[in-house]
**Student:** 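My questions all concern the structure below.
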Amino acid sequence: MSVNSKRVFYVKYLANPIYVDILKARPDVRLDRIENESPEDFYAPILNAAHVYQIGAARDELAPHFHVDAAFLKRTPNLLLVSSNGAGFDPVDVEACTDAGVLVVNQSGGNAHSVAEHALAMMLTLSKRIIQSDRRLRREANVNRNDLVGNEVEHKTVGVIGLGNVGRRIAALCKGLLGMKVLAYDPYLSADVMAERGGEKVELDELLRRSDFVSISCPLDKGSRNMISTREFALMQPHAYFITTARGFIHDEDALLQALRDKRIAGAGLDVWSKEPPPPEHPLLQFDNVLASPHTAGVTIEARQNMGRIAAEQVLDTLDGKRPPRIINPEVWPAYAARFKQAFGVMPG
């Protein structure tokens, strides 16, 4: 294989510089960087020649014309692989990629520990009313601690929606470390598998009715979009907390706002938003019982390095003809394999 014959590009950022270090060790791979503001005469030839697009996982951090949709794919005739920096792949139209014979992969599991720890931190902060205590102390004198009585989480019930890489770690922490009961809803897993992962399989409505904490850790897709809305918030207990470290649009922000205004639930911990980051005047940020972060659950030094490493390794393995382990659209494999052979002369396996 000749020097720089395999073309990879990214826009604006990578998970970690280790990605560049790993790819630079391969003389047959060329890595190009594009900025959101790059002129078309600069990026058009890169897109035209590219085999791999290493794409950011956050939709609002990429210029719209670098989101992968049918129009974008027409400008990338040689593209074989779209690789998300993270577990999510919001800027990618997976169906359009499948139609074009393009494989889509993510880095699921790479930041699972960080995200699970963040969800747990939100649960404890809300339950112990630490966020309200902090805010009261900063703006009031002579705060009465008896106005800020919290709750222990031991023996409480957490309902985990999505028992994948993140959800199973949340379940393990809550059950093993804190002595909590774990209910879980995941339509793609059997009761036996969910039990192995630490959760009791229940339907969504039952989970919402019985849980003291509801934690979202499922991917955003057609089935989960607006899965938690007015009806679902109404099923939750008045003392329960809603926590999400998954993706915006899985819960309806307007419905959550109304549930908080009506005091149907006790509070919320929100790491993901319909617009990221949310503006300071966002109505959900005006509640003292809402703990907020700007999609930083998986943003730790350790997670970023891990994500960069596994992304680079998965891309190189794919370019070497191996079947990657984290495929989002496996049904595209026959069409992808034919296109890979046309590009590199060998069938991937």
Side-chain angles (χ1 to χ4, degrees), residues 118-161 170 174 178 180-183 185 202-218 224-275 277-294 297:
H118 198 95
L120 185 62
M122 283 186 153
M123 287 174 50
L124 293 171
T125 300
L126 289 166
S127 183
K128 295 287 290 180
R129 302 187 69 184
I130 295 172
I131 189 68
Q132 291 101 319
S133 299
D134 179 86
R135 289 170 178 169
R136 288 275 298 274
L137 282 173
R138 292 174 186 274
R139 68 192 182 205
E140 297 178 20
N142 302 315
V143 173
N144 184 351
R145 65 177 183 169
N146 294 314
D147 293 337
L148 296 162
V149 176
N151 289 281
E152 295 179 357
V153 299
E154 187 178 19
H155 304 311
K156 299 296 193 304
T157 298
V158 57
V160 182
I161 298 176
I170 294 173
C174 289
L178 299 173
M180 301 179 73
K181 181 178 180 60
V182 180
L183 304 178
Y185 170 72
V202 296
E203 292 303 313
L204 179 59
D205 286 5
E206 182 179 354
L207 180 149
L208 295 168
R209 290 190 182 102
R210 292 174 56 188
S211 297
D212 302 298
F213 301 89
V214 173
S215 180
I216 310 292
S217 57
C218 62
S224 64
R225 184 176 289 269
N226 281 331
M227 177 172 59
I228 308 297
S229 192
T230 301
R231 174 187 170 277
E232 288 70 31
F233 284 120
L235 293 175
M236 291 177 62
Q237 302 181 76
H239 68 266
Y241 292 97
F242 174 76
I243 295 162
T244 178
T245 53
R247 280 294 183 273
F249 298 110
I250 292 176
H251 71 281
D252 182 329
E253 289 186 356
D254 289 336
L256 174 58
L257 177 64
Q258 196 59 50
L260 290 165
R261 283 175 174 165
D262 294 345
K263 298 184 179 180
R264 293 193 213 120
I265 62 174
L270 308 175
D271 184 56
V272 292
W273 307 80
S274 59
K275 169 66 176 175
E281 63 274 13
H282 194 294
L284 286 170
L285 294 176
Q286 313 313 311
F287 289 84
D288 276 356
N289 57 342
V290 170
L291 177 60
S293 53

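As a basis for the values below, the full set of heavy atoms in this structure was taken, side chains included, without hydrogen atoms, waters or symmetry mates.
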**Student:** Working to the nearest 0.5 angstrom, can you tell me the gap between Ile130 CD1 and Leu291 CG?
**Tutor:** 9.5 Å

**Student:** What's the spacing between Glu232 CD and Asp252 CG if we round to 0.5 Å?
**Tutor:** 9.5 Å

**Student:** Checking the side chain of Asp262 only, and the main-chain atoms of Arg264 only, is there a donor and an acceptor separated by less than 3.5 Å?
**Tutor:** no

**Student:** In plain terms, say whether Asp205 and Arg231 are close enough for a salt bridge, that is, a side-chain N and a carboxylate O under 4.0 Å apart.
**Tutor:** yes

**Student:** Quick one: which residue pairs count as a ring-ring contact (aromatic ring centres under 6.0 Å, His included) with a foot in residues 249-272, not counting sequence neighbours?
**Tutor:** Phe242-His251

**Student:** Would you name the heavy atoms of Gln286 and His282 that are closest together and state the gap between them?
**Tutor:** NE2-O, 2.8 Å

**Student:** Measure the spacing between OG of Ser215 and CD1 of Ile243 and express it to the nearest 0.5 Å.
**Tutor:** 6.0 Å

**Student:** Between atom CG of Asp134 and atom CZ of Arg139, what is the distance when rounded to the nearest 0.5 Å?
**Tutor:** 10.0 Å

**Student:** Between Trp273 and Pro294, which heavy-atom pair has the shortest distance, and what is it?
**Tutor:** NE1-CA, 4.5 Å

**Student:** Do Met180 and Asp212 have side-chain heavy atoms sitting under 4.5 Å apart?
**Tutor:** no

**Student:** Is the side chain of Asp271 donor-acceptor paired with the backbone N or O of Ala297 at a distance under 3.5 Å, no angle test?
**Tutor:** yes

**Student:** With Glu140, which residues qualify under salt bridge (Lys or Arg N to Asp or Glu O under 4.0 Å), at least two apart?
**Tutor:** Arg136

**Student:** About how many Å separate SG of Cys218 and CZ of Arg247, when rounded to the nearest 0.5 Å?
**Tutor:** 10.5 Å

**Student:** Please report the interatomic distance CG(Leu256) to CZ(Arg261), rounded to the nearest 0.5 Å.
**Tutor:** 10.5 Å

**Student:** Hey, does Leu183 have a side-chain heavy atom less than 4.5 Å from the side chain of Glu206?
**Tutor:** no

**Student:** Less than 4.5 Å apart, side chain to side chain, heavy atoms only: is that true for Leu270 and Thr244?
**Tutor:** yes

**Student:** If only atom types and distance count, is the side chain of Gln258 paired as donor or acceptor with the main-chain N or O of Ala255 below 3.5 Å?
**Tutor:** no

**Student:** Can you see which heavy atom on Leu260 is nearest to which on Gly267, and at what distance?
**Tutor:** CD2-CA, 3.8 Å

**Student:** Among Thr157, Ile228, Leu208, exactly one meets side chain to side chain contact (heavy atoms under 4.5 Å, CB included) together with Val214. Which residue is that?
**Tutor:** Leu208

**Student:** Which pair of heavy atoms, one from Ala119 and one from Ile170, lies closest together, and at what distance?
**Tutor:** CB-CD1, 3.8 Å

**Student:** Heavy atoms only: give me the nearest Leu126-Gly269 pair and the separation to one decimal.
**Tutor:** CD1-N, 3.6 Å

**Student:** Assess the residue pair His239 and Asn151 against the criterion (side-chain contact (heavy atoms from CB on, under 4.5 Å)); give the C-alpha distance rounded to whole Å, side-chain angles, the decisive distance to 0.1 Å, and a yes or no.
**Tutor:** CA-CA 10 Å; His239 68 266; Asn151 289 281; over 6 Å; no

**Student:** Stepwise, does the side-chain contact (heavy atoms from CB on, under 4.5 Å) test hold for Leu120 with Leu178?
**Tutor:** CA-CA 10 Å; Leu120 185 62; Leu178 299 173; 3.3 Å; yes

**Student:** Quick one, Pro278 and Leu284 - any side-chain contact, counting heavy atoms below 4.5 Å?
**Tutor:** no

**Student:** What pairs meet the side chain to side chain donor-acceptor pair (under 3.5 Å) rule with one or both residues in residues 121-131, with sequence neighbours excluded?
**Tutor:** none

**Student:** Out of Val143, Asp147, Leu148, Asp288, which residue meets the side chain to side chain contact (heavy atoms under 4.5 Å, CB included) rule with Ser133?
**Tutor:** Leu148

**Student:** To check you understand the geometry: which heavy-atom pair defines the closest contact between Met227 and Leu204, and what is its length?
**Tutor:** CG-CD2, 3.9 Å

**Student:** Determine yes or no for a side-chain-to-main-chain donor-acceptor pair under 3.5 angstrom, with Asn289 supplying the side chain and Ala266 the backbone.
**Tutor:** yes

**Student:** Should the ring pair Tyr241 and Phe213 be called parallel, tilted or perpendicular, given that the plane angle runs from 0 to 90° and is split at 30 and 60?
**Tutor:** parallel

